[in-house]
Amino acid sequence: MGLLLGLLLVLPLAKAELERVEHAAKADGSLSFLVVRDWGRKRLYNQSQMGSIGEKIEVDFIISTGDNFYDDGLRGVKDPAFHQSFSDIYTAPSLQKQWYIVLGNHDYRGNVEAQLSPMLRKMDTRWLCLRSFILIAGPQMAEIFFVDATPFVSNYFIDPKDHVYDWKGISPRLHYINNLLLEFESGLRESTAKWKIVVGQHTTKSAGHHGNTHELAIHLLPILQAYHVDLYISNTDSSIQFLTSGGGSKAWRGDVNNRWNPQKMKFYYDGQGFMSVEMTETDVDIKFYDVFGYAIYKWSTSKLISSAM
């Protein structure tokens with residue numbers, strides 16, 4: 001990790017910019033969206049019942065934070081798993097909105113270009129998967145930064161075990177990460193949005209099975225702090241709120257790390273579920289739901305809006 005940090009500092013920096021997409025707010029200026037992860041299992045296990053909640057809060061879009069197709073991503077653009085795990089599962093009327101999607105480590109075990117292909121968008125127009133990008137929502141309400149977090153994790157490269165990862169488009173890895181950090185920091189520096197939210201597949205700190213992602217704590221967290229990011233959706237001694245929604249289908253692993261200080265970790269749940277976010281210029285309300293759609297935890301925050309804005 002020390003070597004990685006050193007190399008990142010000496011690689012040449014390229015002038016680059018993250019791709020941007022826009023999504024309008026409601027007529028009253030508010031936004032609402034759902035967040036889910038680890039869901040693509042071809043109807044196996046309990047799939048999160050998001051449709052009723054999406055209808056209740058009049059959801060504008062859905063975010064997937066990765067691990068879209070288990071166990072090994074998609075084989076290609078014609079892989080039936082796309083329909084078996086996505087189009088044929090999320091059929092509720094309220095979920096026929098745009099899905100904004102990043103890749104997870106399980107997705108990198110398949111054909112990555114398939115998930116990124118415009119051909120999938122033609123088959124299901126809800127699908128929008130990119131490596132890293134900025135969602136301009138509102139348009140000035142929020143900027144949501146989607147970060148391709150998997151390539152940061154060294155073990156996937158040095159100890160892949162029995163897995164084969166599709167690193168096309170990543171090599172050379174250090175150059176890829178360096179440019180991504182440059183693009184990410186530049187986007188945050190230029191942002192004038194009232195809320196800054198970052199989405200990534202891997203957590204910086206977690207009491208779950210996979211634990212902390214040290215590489216993100218080293219390379220990503222200082223940028224989040226420097227540019228006053230409000231939420232990282234995937235606790236530290238930071239004003240940033242870290243929110244993880246990782247139980248879109250299979251769950252109940254039962255190996256929670258109970259060494260966490262309860263003053264820092266406000267909520268932990270080992271079962272299936274998803275998360276909702278409702279926001280205005282001044283307020284954000286977040287709820288975690290179990291597989292039956294019951295709200296099992298709520299969290300809210302507010303901020304004053306400067307008159308200069």
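Predicted, not measured: the structure shown is a model, and the values here were computed from it. Keep in mind that the numbers below use all heavy atoms, side chains included, and drop hydrogens, waters and symmetry copies.
Proximity of L221 to L224: side-chain heavy atoms (C-beta onward) are separated by under 4.5 Å at one or more points. Residues I197 and M279 have side chains in contact (heavy-atom distance under 4.5 Å, counting atoms from C-beta outward). Annotation: side chain of T150 is in contact with side chain of Y156 (closest heavy-atom distance under 4.5 Å). With a 4.5 Å cut-off on side-chain heavy atoms, V198 and L231 do not count as touching. In this structure the side chain of D67 reaches within 4.5 angstrom of the side chain of N105, judged on heavy atoms. At least one side-chain heavy atom of L188 sits less than 4.5 Å from a side-chain heavy atom of I223. The closest side-chain heavy-atom distance from L216 to Y232 is below 4.5 Å. At least one side-chain heavy atom of I63 sits under 4.5 Å from a side-chain heavy atom of F146.
Here the CG atom belonging to D79 is positioned 9.0 Å from the CG atom belonging to N111, to the nearest 0.5 angstrom. Atoms CG and CD, on D283 and E281 in that order, are 10.5 Å from each other to the nearest 0.5 Å. Separating the CG atom in L34 from the OG atom in S276 is a distance of 6.5 Å, to the nearest 0.5 Å. To the nearest 0.5 Å, atom CG of residue N178 and atom CZ of residue R173 are 12.0 Å apart. Of the inter-residue distances, the one linking Q96 atom CD with T125 atom OG1 reads 8.5 Å to the nearest 0.5 angstrom. Atom-to-atom distance recorded for Y108:OH and K168:NZ is 11.0 Å, nearest 0.5 angstrom.
Taking the centre of each ring, W39 and Y70 stay at or above the 6.0 Å mark. For Y90 and W99, the distance between ring centers is under 6.0 angstrom.
Note on R131 versus E113: salt bridge recorded, some NZ/NE/NH1/NH2 to OD/OE distance being below 4.0 Å. Classification of K303 and D230 as a salt-bridged pair holds, one side-chain N sitting under 4.0 Å from a carboxylate O. Taking 4.0 Å as the cut-off between side-chain N and carboxylate O, D285 and K287 do not count as a salt-bridged pair.
Under a cutoff of 6.0 Å and an axis angle of 45°, R189 and Y227 do not form a cation-pi pair. Relative to the six-membered ring of Y100, R126 misses at least one condition, a distance below 6.0 Å or an angle of at most 45° to the axis.
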Audit row: F145, V229, side chain to side chain contact (heavy atoms under 4.5 Å, CB included) steps and yes/no: CA-CA 10 Å; F145 295 77; V229 167; over 6 Å; no

E143 vs S191, side-chain hydrogen bond (donor to acceptor under 3.5 Å, both in side chains): CA-CA, chis, key distance, verdict: CA-CA 7 Å; E143 289 191 7; S191 175; 3.2 Å; yes

Candidate pair S30 and E278, rule side-chain hydrogen bond (donor to acceptor under 3.5 Å, both in side chains), full reasoning: CA-CA 8 Å; S30 65; E278 298 177 82; over 6 Å; no

CA sep, side-chain torsions, deciding dist, call: K194, Q140, side chain to side chain contact (heavy atoms under 4.5 Å, CB included): CA-CA 7 Å; K194 297 173 177 64; Q140 292 298 316; 4.1 Å; yes

S186/E17 under side chain to side chain contact (heavy atoms under 4.5 Å, CB included): CA gap, chis, key distance, verdict: CA-CA 8 Å; S186 175; E17 187 174 294; 6.0 Å; no

Check against ring pair (Phe, Tyr, Trp, His ring centres under 6.0 Å), F274 and Y289: CA-CA 5 Å; F274 59 99; Y289 299 88; 5.0 Å; yes

D72 and V164: CA distance, side-chain angles, deciding distance, side chain to side chain contact (heavy atoms under 4.5 Å, CB included) verdict: CA-CA 9 Å; D72 299 315; V164 177; over 6 Å; no

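When each of Q84, H106, Q115, R109 is tested with F69 by the rule side-chain contact (heavy atoms from CB on, under 4.5 Å), just one qualifies, namely Q115. When L103, D107, D38 are each tested for a side-chain contact (heavy atoms from CB on, under 4.5 Å) with Q201, only one passes: D38. The side-chain contact (heavy atoms from CB on, under 4.5 Å) test with W195 singles out one residue from T301, L31, T280, I144, and that residue is T301. The side-chain contact (heavy atoms from CB on, under 4.5 Å) test with L74 is passed by exactly one of N68, V112, L120: L120. Considering R20, H23, E22, Q98 as possible partners of L135, the one that fulfils the side-chain contact (heavy atoms from CB on, under 4.5 Å) test is H23.
No more than 12 heavy atoms of other residues, nucleotides or ligands lie within 6.0 Å of CG in D162, so this atom counts as exposed by the packing criterion. Around the CZ atom of F292, the shell of radius 6.0 Å holds no more than 12 heavy atoms that belong to other residues, nucleotides or ligands.
G76 and A114 get closest at one heavy-atom pair: C-CB, 3.6 Å. The two atoms that bring P151 and I170 nearest to each other are CG-CD1, 3.8 Å, heavy atoms only. In terms of heavy atoms, P222 sits closest to A217 at CD-O, 3.5 Å. Nearest heavy-atom pair, S132 versus D148, reported as atom, atom and distance to 0.1 Å: OG-N, 2.9 Å. Nearest heavy atoms, F152 versus H219: CE2-CB, 4.1 Å.
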Would you give me the side-chain donor-acceptor pairs under 3.5 Å for residues 50-62, sequence neighbours excluded?
unit_1: D60; atom_1: OD1; unit_2: K26; atom_2: NZ; d: 3.4
unit_1: D60; atom_1: OD2; unit_2: K26; atom_2: NZ; d: 2.6
unit_1: D60; atom_1: OD2; unit_2: S32; atom_2: N; d: 2.8

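Checking side-chain atoms of N155 against main-chain N and O of D159 turns up no donor-acceptor pair under 3.5 Å.
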